[in-house]
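Single-structure report; data block below.
Worth saying up front: this structure is predicted, and the values here are computed from it rather than measured. To find a chain, count down the sequence lines: A is the first, B the second, and so on, and within it residues start at 1. FYI, side chains are in, hydrogens and waters are out, and symmetry mates aren't considered; it's all heavy atoms of this structure.
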Amino acid sequence: MLLIDVVRVSEAVTRTSARLGKVGHLAELLGRVGPDEAEIAIAYLSGELPQRQVGVGWRTLQEPPPPKLAATATLTDVDARLTRIKAVSGPGSQAVRKDLVTALFAALTSQEQSFLTRLLAGELRQGALDGVMIEAVAKSSGAPPADVRRALTLRGWLPAVGAAALAGGVEALRAFRLEVGRPVAPMLAGSAPDVATALQKVGAPAALEWKLDGVRVQAHRSGDDVRVFTRTLDDITAQVPELAEAVLGLPHLDLVLDGEVIALHDDGRPQPFQITGARVASKLDVAALRETTPLSVFFFDVLRLDGRDLLDLPYEQRHEILARAVPPALLTPRLVTDDAGKAQEFFTDVVRSGHEGLVVKALPSPYAAGRRGAGWIKVKPRHTLDLVVLAAEWGHGRREGKLSNLHLGARDPDTGGFVMLGKTFKGLTDQLLAWQTERFLELADGPTDGWTVVVRPELVVEIAFDGVQRSPRYPGGMALRFARVLRYRPDKRADEADTVETVRSLML
DNA sequence: TTCCGACAGTGGGGTCGCAAT
DNA sequence: ATTGCGACCCCACTATCGGAA
C-alpha cells in the first residue's frame with residue numbers, strides 16, 4: 001500500500017467531525033490493507049510508529065527538502081527507512097540521522113511530508129487516536145469492540161492487536177492472554193473535586209487508598225526474572241533495583257503487581273516529585289544513587305498470581321489476594337468505609353502526612369485497563385492564588401488565532417514589579433479564549449516575537465494549582481505545578497494580587 | 001429529549017542521556 | 001562545560017459525539 005493512501009484517509013478523517021464517520025473512513029482503509037502492512041497502517045492512523053520512537057522530533061523536521069510531485073512511497077519503504085533512522089547512534093549520528101530524514105522526505109509529496117511531520121512530532125491532529133481506531137478495527141474485522149479493547153489491555157499495543165484482528169477475527173483477539181514479562185495497559189483513574197463526590201461516583205462502601213506522588217510501576221515476576229514497567233509501558237527494571245529485590249523477596253514465583261515507587265525521607269514523608277522522578281530517570285550509577293536516594297515501593301493491585309489471571313475479579317477480591325501475597329509494609333495505606341466523615345478524616349490525614357491525596361475505588365470493579373473509567377477516582381487538595389497576566393502566546397490547532405497560553409506573575413512588593421511563576425492554557429472555555437484575545441490585544445505593550453504578546457500587567461486571574469516546586473527556569477526560583485485558570489477577577493487590581501512571599505510560603 | 005461517559009486536543013514543568021558546540 | 005534535542009515522568013481541563021436514560 002502507498003503512504004498516500006493512508007494520508008488521504010487521514011485527511012478525510014480530519015475533515016469529518018462525526019466519530020462514526022471517522023470510524024467509517026478508517027475501517028474502509030483497513031479493509032484493503034494487506035496483512036504485511038496492516039500493523040504499519042494502524043500505527044500511522046492512530047498516531048503511533050511501529051518503532052514507537054525514532055529519535056526525530058519537531059526540530060529535526062524544520063526545513064524539509066523540496067517535495068516530489070508523484071506519490072510513490074510505500075508503507076513498507078517508509079517503515080524500513082524509519083527503522084534505519086532509529087538505529088543510528090554514536091558520534092556523527094545527528095548529521096547522519098538528518099541526512100536520512102532529508103532523503104526520506106525528498107521521496108515524498110508535500111501532502112505526505114505534512115502527514116509524516118505531524119506523525120513524527122506526535123501531533124497527528126486528525127481527531128482520531130486509539131479510541132477511534134479500536135472502533136475501526138472492530139468494524140473492519142467484524143469483532144465486537146469489547147474484544148478489541150480487551151486484547152489491547154492485555155497486549156498494550158494496538159497495531160499488533162489490530163493486525164491480529166484483521167487476520168484472524170474475534171478468535172485471534174480472544175487468543176491474547178496476560179503474558180508475564182509483557183506489560184498490561186494500566187488502569188487509570190478519573191478525578192473528583194472532593195472525597196464526598198468521589199464516594200458518590202463509585203458507590204459505598206468504597207476503598208480509599210493513599211495517592212503517592214511517585215512513579216507508577218507494574219512489576220512482573222517469572223521465577224528469578226523480574227521486569228518493571230512504567231505507565232507508558234517502558235521498561236525501567238535497571239533503574240529500580242530496590243523494586244526487583246522486594247519482588248524477589250516474596251514467596252510467589254509467578255506474579256504481576258501494580259504499584260508506585262517513591263523516594264521518602266527517613267521519617268516517611270515524601271520527597272518532592274522532582275527527586276523521585278530524577279532518581280527513576282537516572283540510568284548511570286544507579287548503585288550510588290540508591291544510597292543517597294533510596295526508593296520505596298507500595299503495591300495496590302495484583303493482576304496475576306501463581307498461574308491465575310485476576311483482572312476480571314472484583315477489586316475487593318484482588319485486594320484480598322494481594323494482602324495475602326505481600327507483607328503489610330509493601331501495601332499502600334488504605335481504608336474501606338461507607339462513612340463520609342471517616343473518609344474525609346482519612347483524606348485530611350494523608351494530606352497532613354505530606355502525600356498527594358487519595359484514590360477512591362469501587363469494590364466490585366474489575367481491572368478495566370487503559371480507560372479512565374468510573375472505577376477509580378482520585379482526589380487531591382487544591383490551592384488557589386490571584387495572579388497577574390504578564391503575557392500570552394498564540395495557540396495552535398483549534399486555538400489558532402486565539403491568545404491561549406498565559407504567563408503568570410506574582411506581585412513583588414519590593415520592586416513594584418511581578419515575578420513570573422509559570423504558564424497555563426488550562427481551564428479556558430472558547431468564550432474566555434475569545435474574550436481574552438481581544439482584551440490582551442488592547443493591553444499589548446512592547447515588542448512581540450510573533451509568538452508571545454506582552455501585555456500591561458493589569459488583569460488579575462484566579463489560578464488553581466497542585467503545589468509550588470523549585471524551578472531552575474523562572475526568576476523567583478519557583479514554579480506552579482499543574483496551574484489552571486478558574487476565573488478572571490475583574491474586581492481586583494494588579495496591586496491586590498498575591499505576592500511572591502505568599503507563594504514562597506507554600507513551597508515546602 | 002436530555003444527560004453523561006469516553007475521547008481527542010491543548011499544551012504545562014522537570015529531568016535524563018546523548019551529541020554537538 | 002554548556003547547550004540543544006528527544007523522550008518521558010508527572011498532569012488538568014474543555015468540547016464534542018453518540019449511546020444511555
Expressed in angstrom and rounded to an integer, what is the separation of [X] atom [atom1] from [N] atom [atom2]?
X	N	atom1	atom2	value
A:L152	B:dA6	CG	C1'	15 Å
A:M187	B:dA6	CE	P	10 Å
A:L120	C:dC5	CG	P	16 Å
A:R231	C:dA7	CZ	C1'	15 Å
A:L188	B:dA8	CG	P	13 Å
A:I463	C:dA12	CD1	C1'	12 Å
A:E400	B:dG9	CD	P	15 Å
A:F229	C:dC9	CZ	C1'	17 Å

Kindly say if [X] contacts the phosphate of [N], meaning a side-chain N or O under 4.0 Å from OP1 or OP2.
X	N	value
A:K211	C:dC10	no
A:N405	B:dG12	yes
A:H396	B:dG11	yes
A:K380	C:dA12	yes
A:T232	C:dC8	no

Option passing side-chain contact (heavy atoms from CB on, under 4.5 Å) with A:L119 (candidates A:L82, A:L49, A:V78): A:L49
Looking for any heavy atom pair under 4.0 Å, which part of the strands does [X] touch: base, sugar-phosphate only, or nothing?
X	result
A:A128	sugar-phosphate
A:V280	nothing
A:V54	sugar-phosphate

Give every donor-acceptor pair under 3.5 Å between a side-chain atom in residues 123-136 of chain A and any protein atom, sequence neighbours left out.
residue: A:Q126; atom: OE1; partner: A:S10; partner atom: OG; Å: 2.7
residue: A:Q126; atom: NE2; partner: A:L45; partner atom: O; Å: 2.7
residue: A:Q126; atom: NE2; partner: A:A128; partner atom: O; Å: 3.2

When you check the side-chain N and O atoms of A:T293 and A:R279, is any donor under 3.5 Å from an acceptor? no
Would you check if there is a donor-acceptor pair between the side chains of A:T502 and A:T499 at a distance under 3.5 Å? yes
Exceeds 12 heavy-atom contacts within 6.0 angstrom, atom CD of A:E438: no
Assess whether atom CD of A:Q62 is packed by more than 12 heavy atoms of other residues, nucleotides or ligands within 6.0 Å. yes
How does each nucleotide of nucleotides 14-21 of chain B score, in 5' to 3' order, for protein heavy atoms under 4.0 Å: base (B), sugar-phosphate only (S), or none (-)? SSSS-SS-
With sugar-phosphate taken as primed atoms, P, OP1 and OP2 and all else as base, the protein-contact string of nucleotides 14-21 of chain C at under 4.0 Å (heavy atoms; B, S, -) is SSBBSS--
Could you tell me which nucleotide pairs with C:dA21 by Watson-Crick or G-U wobble geometry, both distances under 3.5 Å, or answer none if nothing does? B:dT1
Distance to the ring centre below 6.0 angstrom and angle to the axis at most 45 degrees; does that hold for A:R481 and A:F273?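 Judged by the rule (NZ or CZ under 6.0 Å from the ring centre, within 45° of its axis), A:R481 counts as positioned above A:F273.
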With ring centroids as reference points, do A:W451 and A:H407 lie under 6.0 angstrom apart?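 Judged by ring-centre distance (under 6.0 Å), A:W451 and A:H407 do not meet the cut-off.
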From the options [options], select the nucleotide whose nearest atom is closest to the side chain of [X].
X	options	result
A:R149	C:dA12, C:dC10, B:dA6	B:dA6
A:F273	C:dG4, C:dC10, B:dT10	C:dC10
A:F482	C:dC11, C:dC13, C:dC5	C:dC11

Mapping A:D130 and A:S404 onto DNA chain B by nearest heavy atom, which one lands closer to the 5' end?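 The answer here is A:D130.
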If you assign A:G397 and A:L421 each to the DNA chain B nucleotide with the nearest heavy atom, which residue ends up on the more 5' nucleotide? A:G397
Please figure out whether A:R59 or A:F425 has its closest DNA chain C nucleotide nearer the 5' end. A:R59
Mind listing the side-chain donor-acceptor pairs of residues 470-480 of chain A below 3.5 Å, one per line with the distance, residues two or more places apart or on another chain?
residue: A:S471; atom: OG; partner: A:R473; partner atom: N; Å: 3.0
residue: A:S471; atom: OG; partner: A:Y474; partner atom: N; Å: 3.0

Would you mind checking if [Y] and [X] are paired as a salt bridge, meaning a charged N to carboxylate O distance below 4.0 Å?
X	Y	result
A:D301	A:K361	no
A:R504	A:E501	yes
A:K380	A:D213	no

Applying side-chain hydrogen bond (donor to acceptor under 3.5 Å, both in side chains) to A:R398 and not counting sequence neighbours gives A:D430
Under 3.5 Å between N/O atoms: give me all the protein pairs with nucleotides 1-3 of chain C, atom names plus distance.
none

